[in-house]
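Below: the structure, in structure tokens.
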Amino acid sequence: MIKEIVIDENYTHVGLFDSMKKGDVYKVPFEKKRYNGIRAESSRRNNKGRLLDELKTAMDVKFRVSAKEYPGYISIICIK
């Protein structure tokens, strides 16, 4: 499901990742600082998944982040 996220006082990167399910795509308005924060959180979640054996190899990922799929938005994709 593709969902567009509105930035307000309740928005957090961690809360965003916690609410995602398999197959979800979230579109967040692009801002360079926000993009770096989302990429860092995605990397943390993927690393934690490897440590907990949810992900098997170093190339296996649960979350992907892209700034090019939807121009003007950061797309966060939950794969597993």
Please tell me if the side chains of [X] and [Y] come closer than 4.5 Å, counting only heavy atoms from C-beta onward.
X: Arg64; Y: Ile79; value: yes
X: Lys27; Y: Ile76; value: no
X: Glu54; Y: Asn46; value: no
X: Tyr26; Y: Ile77; value: no

In the single-linkage hydrophobic clustering (I, L, V, M, F, W, Y; side-chain heavy atoms under 4.5 Å), do [X] and [Y] co-cluster?
X: Leu16; Y: Ile2; result: no
X: Leu55; Y: Phe17; result: no
X: Val25; Y: Tyr11; result: no

* Asked: Taking it one step at a time, do Ile7 and Arg34 satisfy side-chain contact (heavy atoms from CB on, under 4.5 Å)?
  -> CA-CA 11 Å; Ile7 305 301; Arg34 187 178 302 135; 3.8 Å; yes

* To do: Decide side-chain contact (heavy atoms from CB on, under 4.5 Å) for Glu41 and Val65; before the verdict, give the C-alpha distance in whole Å, the side-chain angles of both, and the deciding distance to 0.1 Å.
  => CA-CA 10 Å; Glu41 183 63 26; Val65 177; over 6 Å; no

* To do: Consider only side-chain N and O atoms of Glu4 and Tyr73, and report whether a donor and an acceptor are under 3.5 Å apart.
  =>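 Judged by distance alone, the side chains do pair up.
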
* **Point-to-point distance, once rounded to the nearest 0.5 Å, from OG of Ser42 to CG of Asn47** =>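 The distance works out to 11.0 Å.
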
* Asked: When rounded to the nearest 0.5 angstrom, what distance separates CZ in Phe63 from CG in Asp24?
  -> 9.5 Å

* Mind checking whether Tyr35 and Phe30 have parallel, tilted or perpendicular rings, split at 30° and 60°? -> tilted

* **side-chain contact (heavy atoms from CB on, under 4.5 Å) evaluation trace for Arg45 with Asp18** => CA-CA 10 Å; Arg45 297 286 176 125; Asp18 287 340; 2.9 Å; yes

